[in-house]
There are 2 protein chains.
Amino acid sequence: MPGAPTLEHFLCFALYSTSHAFNRVYKPLLDAIGLTYPQYLVMTVLWEQDGLLVGQIGEKLALESSTLTPLIKRLEAAGLLQRTRDTKDERQVRVTLTPRGRAIKAQAASIPACILEATGQAPEQLMRLKGDIDALRNQLEQAAQGGRSGSSRVITPREETEHG
Amino acid sequence: MPGAPTLEHFLCFALYSTSHAFNRVYKPLLDAIGLTYPQYLVMTVLWEQDGLLVGQIGEKLALESSTLTPLIKRLEAAGLLQRTRDTKDERQVRVTLTPRGRAIKAQAASIPACILEATGQAPEQLMRLKGDIDALRNQLEQAAQGGRSGSSRVITPREETEHG
DNA sequence: AACGATTTAGTCGTGTGCGATTTAATATCC
DNA sequence: GGATATTAAATCGCACACGACTAAATCGTT
């Protein structure tokens, strides 16, 4: 007999609680530069590629505009970036780093090493784990889109060119 | 050469976004029984062992009383459980399922199988993944706890170049 | 050119999550 | 036995996160 499913069996709970555990490790590091974790993610995206649209940031982070708009406004209020409506298409809002926004990239540079150390694991193991989790997320996104009882297949409107 | 850390490299982001992806798969299933995911977790804990204290639930879920108290009050308002102050120690609040709270356990019984199907992976692989994630969480909790008195503090940006 | 459909952000309401603080009850120390 | 410390929940303020909806701009078809 399989037995009643308890918390112990839930992979989702493992992800949920480990995500929170990560946040607790990040917090003191991010407090030092005045960012929350989601704000840090947005800044990381912009450090990689500046001048993205709100929607593009949302696509990268899998977050809705209803989440991002207030968050980005807070970053603007903190003087780290600027929001400007695109002159070509005024529906779109382009997000650009300020000098100060670029400057704190250096302050944040030490964070990944701190996090790596906190995991106490080898980078190879962590990357392997990340690969497995990414694969799982892709599966779940498929399922969430395709939704109902299995048989109906939804054609994705856009091909997802995804990394590992 | 390691290069600048981008979003692609972040295990934490993989966890963060996959946790949200799980939530999106759960949502339609939980909507049917009127629960949110954290509420479902609390109910799962109580289905396993009824009559726990708020603090004991918090320990199992790694959540603070400031999160749990309002959540549990909502479950009480929904008629799924009852909060009673312990007569021996009136600081403590014991949480007990109502008949209705026990009843929806049957309705929720089909959820794990739905989730398993949504992952599209073999249970053995998922359990292996869960094991790795649990180990990671334990490490992170160690780091978050021992962070103050431990050996590692925030590394200055200068010495970051060594770490990849 | 006209007008309905689509797209992009933004707003609003609800429900987490947590740190800091508070309140009340119990434990401990002298 | 009474002052003090500790503990368990609760409260408060802030920041996500999302669904439902809105507003405005653009697109598409005729």
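Excluded from the calculations below are hydrogen atoms, water molecules and symmetry mates; all remaining heavy atoms, backbone and side chain alike, are included. Order of the sequence lines fixes the chain letters, A, B, ..., with proteins taken first and strands second; residue numbering starts at 1 for each chain.
The separation between B:R91 atom CZ and C:dA27 atom P is 6 Å, rounded to whole Å. Computed from coordinates, the A:L53 CG to C:dG10 P distance equals 11 Å when rounded to whole Å. We find that CZ of A:R85 is positioned 10 Å from C1' of D:dA23, with the value rounded to whole Å. Between the P atom of D:dA17 and the OH atom of B:Y37 lies a distance of 16 Å, rounded to the nearest Å. In this structure, B:Y16 atom OH and D:dC16 atom C1' are separated by 7 Å, rounded to whole Å. In this structure, A:E90 atom CD and D:dA25 atom P are separated by 6 Å, rounded to whole Å. Regarding B:I72, its CD1 atom lies at a distance of 13 Å from the C1' atom of C:dT16, rounded to whole Å. Between the CD atom of A:Q92 and the C1' atom of D:dA25 there is a distance of 10 Å, given to the nearest Å.
Using a 4.5 Å heavy-atom cutoff, the side chains of B:L35 and B:L75 are in contact.
Below the 3.5 angstrom threshold, one finds a donor paired with an acceptor across the side chain of A:S65 and the base of C:dG10.
Heavy-atom nearest nucleotides on DNA chain D were determined for B:G55 and for A:L71, and the one closer to the 5' end corresponds to B:G55. Each of B:P38 and A:V93 was matched to the nucleotide of DNA chain C holding its nearest heavy atom; the match closer to the 5' end belongs to A:V93. When the nearest nucleotides of DNA chain C are assigned to A:R83 and B:Q39 by heavy-atom distance, the more 5′-ward of the two goes with A:R83.
The residue B:S66 sits close to a base: some heavy atom pair falls under 4.0 Å. Residue-level contact check: A:R24 touches the backbone only, with heavy atoms under 4.0 Å from sugar-phosphate atoms and none from bases. Among the heavy atoms of the strands lying under 4.0 Å from B:L63 are primed sugar atoms or P, OP1, OP2 only; no base atom is included.
Under a 3.5 Å cut-off, the side chain of A:Q125 and the backbone N or O of A:A122 do not form any donor-acceptor pair.
Aromatic ring centres of A:Y16 and B:Y37 lie closer together than 6.0 Å.
Nearest to the side chain of B:V54, among C:dG19, D:dA9, C:dA9, sits D:dA9. The side chain of B:H20 sits closest to D:dA17 out of C:dT26, D:dA15, D:dA17. Checking C:dG19, C:dT16, D:dA15 against the side-chain heavy atoms of A:K27 singles out C:dG19 as nearest.
Residue B:T36 places no side-chain N or O under 4.0 Å from the OP1 or OP2 atom of C:dT14. Residue B:R74 has a polar side-chain atom (N or O) positioned under 4.0 Å from OP1 or OP2 of C:dT16. Between A:T67 and D:dA17 there is no side-chain polar atom (N or O) within less than 4.0 angstrom of OP1 or OP2. The side chain of A:K73 contributes no N or O atom lying less than 4.0 Å from OP1 or OP2 of D:dA15.
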Q.
salt bridge (charged side-chain N to carboxylate O under 4.0 Å, His left out) for B:R91 and B:D89? Distances and angles first, verdict last.
A. CA-CA 5 Å; B:R91 290 173 300 184; B:D89 185 343; 2.8 Å; yes

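Smallest separation of non-hydrogen atoms from A:A62 and B:R24: O-NH2, 3.2 Å.
Taking hydrophobic clusters as Ile, Leu, Val, Met, Phe, Trp and Tyr residues chained together by side-chain heavy-atom distances below 4.5 Å, A:Y40 shares a cluster with A:L116.
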